[in-house]
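Every heavy atom of this structure was used, including side-chain atoms; hydrogens, water molecules and symmetry mates were not. Position 1 is the first residue of the sequence, and the numbers go up from there. Remember, it's a predicted structure, so these values are computed and weren't measured experimentally.
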Amino acid sequence: MHITLFSFVTAVLLSSLLIVALYLSRKSVKTIRMLNFGNLACLYLFCLGRMVFSVELPFTVVLAAPPLMNPVADIYLDRPPQFFLLLLVWAAGSVFLLARLLLRACSGRRAIDRIPKQENQVLQEALEELQREQKRRIPIQVLCCPGLSTPCGIGLVRRKILLPSREYSADELRHILRHELQHFQTHDLLVKWMIRVFQCLFWWNPLVYLLGRDLDQVLEIKCDLTVTKGYGKKETVAYMRTIKHQLEQTIDR
C-alpha cells in the first residue's frame with residue numbers, strides 16, 4: 001500500500017473529470033437524483049483509493065506528456081525537500097480550512113440555539129403519523145420558533161425540524177413536514193458536509209468548488225422531486241403552492 005506520483009495524478013485527473021461531468025449535467029433530473037450520500041461516498045472512496053493503491057490495470061495506456069509531467073516528476077523524485085514542502089502546504093491549507101469550517105458551523109449552531117423554541121405536541125404527533133405512513137422511523141423533534149422565518153431541519157445526530165410560529169392548515173403542515181423529513185431521509189445535511197470537507201481537503205484543485213455551486217438549490221429540487229414522485233397532479237400543485245408560500249413568507253421578512 002503506497003502512494004505514487006502516477007496514482008496521485010490519475011486520481012486527481014479522473015476525479016476532476018467526474019466533477020466536471022456532474023457540474024455540466026447538474027440541471028438534469030437524473031443527475032439531481034444521483035446527488036446523494038451513497039454516490040458522493042463512492043467519489044470519496046475512488047479518489048482516496050486510487051491515490052493509496054497504485055494498481056495498473058491490464059488495459060492501461062501510458063501517454064507521454066514531458067512538458068507537463070517532467071517538472072512534477074523532478075520535484076517528486078529528485079527534490080524530496082521541495083516535495084515534502086508542497087505536502088506541508090497542502091496539509092496546512094486543509095487544516096486551516098477545516099478549522100474555519102468547524103468554527104463557522106459552531107457559530108451558526110450557537111445562533112440557532114439562541115432562537116426561542118417551543119415544543120408542540122400536535123406538530124410532533126403529525127410528524128410521527130407521517131413516519132408511520134412511510135414505515136420509516138427517524139427520531140426527530142419538531143419545535144416552534146417565534147423568531148424563525150422559514151422551516152428548516154438541523155442536526156446530524158440530534159435531528160430537529162424548526163417551524164416558524166404561525167398557523168398552518170392540515171395540508172400545509174403535511175407538505176412542510178414531508179419536505180423536511182425527506183431531507184433527513186436522504187441525508188442531505190450529510191451531503192452538504194461531505195462536499196464542504198472535500199473542498200477543504202482538495203482546496204488547491206479549483207474544480208472541487210464546482211461541487212458546491214448551486215448545491216442548496218439542487219438539493220431542494222431533488223427533495224421536491226422525491227416528495228412529489230407518487231403524487232397526482234392536484235396534490236403536486238398543492239405541495240408546490242405550499243413551498244412557494246413559505247418562500248414568500250421568508251422574502252417578506
query = Is a side-chain donor or acceptor of Q124 paired with a backbone partner of Q141 at a separation under 3.5 angstrom?
reply = no
inquiry  = Give me the atom names and distance for the closest heavy-atom approach of Q131 to I138.
reply    = OE1-N, 2.6 Å
ask   = Is K192 paired with D188 through a side-chain N to carboxylate O contact shorter than 4.0 Å?
value = no
query = In Å and rounded to the nearest 0.5 Å, what is the CG to CG distance from N120 to L163?
reply = 8.5 Å
Inter- and intrachain pairs under ring pair (Phe, Tyr, Trp, His ring centres under 6.0 Å), touching residues 120-152, at least two apart = none
Side-chain donor or acceptor of K234 paired with backbone N/O of G232 under 3.5 Å = no
Exercise: identify the closest heavy-atom pair between P146 and P116 = CD-O, 3.2 Å
key: Backbone of W90 reached by a side-chain donor or acceptor of S94 within 3.5 Å   = yes
query = Hey, quick one: are V122 and L130 part of the same hydrophobic cluster, counting side-chain heavy atoms closer than 4.5 Å, chains of contacts allowed?
reply = no
message = Is the distance from the ring center of H175 to that of H179 below 6.0 Å?
response = no
task = Compare every heavy atom of L181 with every heavy atom of I161, then report the nearest pair and how far apart it is.
result = CD1-N, 4.2 Å
key: Pairing residues for F184 by the ring pair (Phe, Tyr, Trp, His ring centres under 6.0 Å) criterion, not counting sequence neighbours   = none
ask   = Short question: side chain of W204, backbone of G93 - any donor-acceptor pair under 3.5 Å?
value = no
query = For the residue pair F202 and V208, what are the closest heavy atoms and their distance?
reply = O-CG2, 3.4 Å
task = Look at the side chain of T228 and the backbone N and O of Y231, then say whether any donor-acceptor pair between them is shorter than 3.5 Å.
result = no
message = Here's a test for you: under side-chain contact (heavy atoms from CB on, under 4.5 Å), which of K222, R159, E220 qualifies with H183?
response = E220
inquiry  = Quick check: is L219 connected to L156 through a chain of hydrophobic side chains (ILVMFWY, heavy atoms under 4.5 Å apart)?
reply    = yes
query = So, for L143 and K160, which heavy atoms are closest and what is the spacing to 0.1 Å?
reply = CD1-CD, 3.8 Å
request  = Taking atom types as modelled, find out whether Y239 and D171 have a side-chain donor-acceptor pair closer than 3.5 angstrom.
outcome  = no
inquiry  = Hydrophobic clustering (ILVMFWY, side-chain heavy atoms < 4.5 Å, transitive) - are V89 and F96 grouped together?
reply    = yes
message = According to side chain to side chain donor-acceptor pair (under 3.5 Å), who are the partners of Y209, at least two apart in sequence or on a separate chain?
response = none
key: Pairs meeting criterion salt bridge (charged side-chain N to carboxylate O under 4.0 Å, His left out) with involvement of residues 119-132, two or more places apart   = E129-R132
inquiry  = Tell me if the CZ atom of R137 is crowded by more than 12 foreign heavy atoms within 6.0 Å.
reply    = yes
key: Set of residues satisfying salt bridge (charged side-chain N to carboxylate O under 4.0 Å, His left out) with respect to R104, sequence neighbours excluded   = none
key: For Q182 against C223, the heavy-atom pair lying closest together   = CB-SG, 3.7 Å
task = Report yes if the side chains of I195 and Q199 come closer than 4.5 Å at any heavy-atom pair, otherwise no.
result = yes
key: Pairing residues for R174 by the salt bridge (charged side-chain N to carboxylate O under 4.0 Å, His left out) criterion, not counting sequence neighbours   = E133
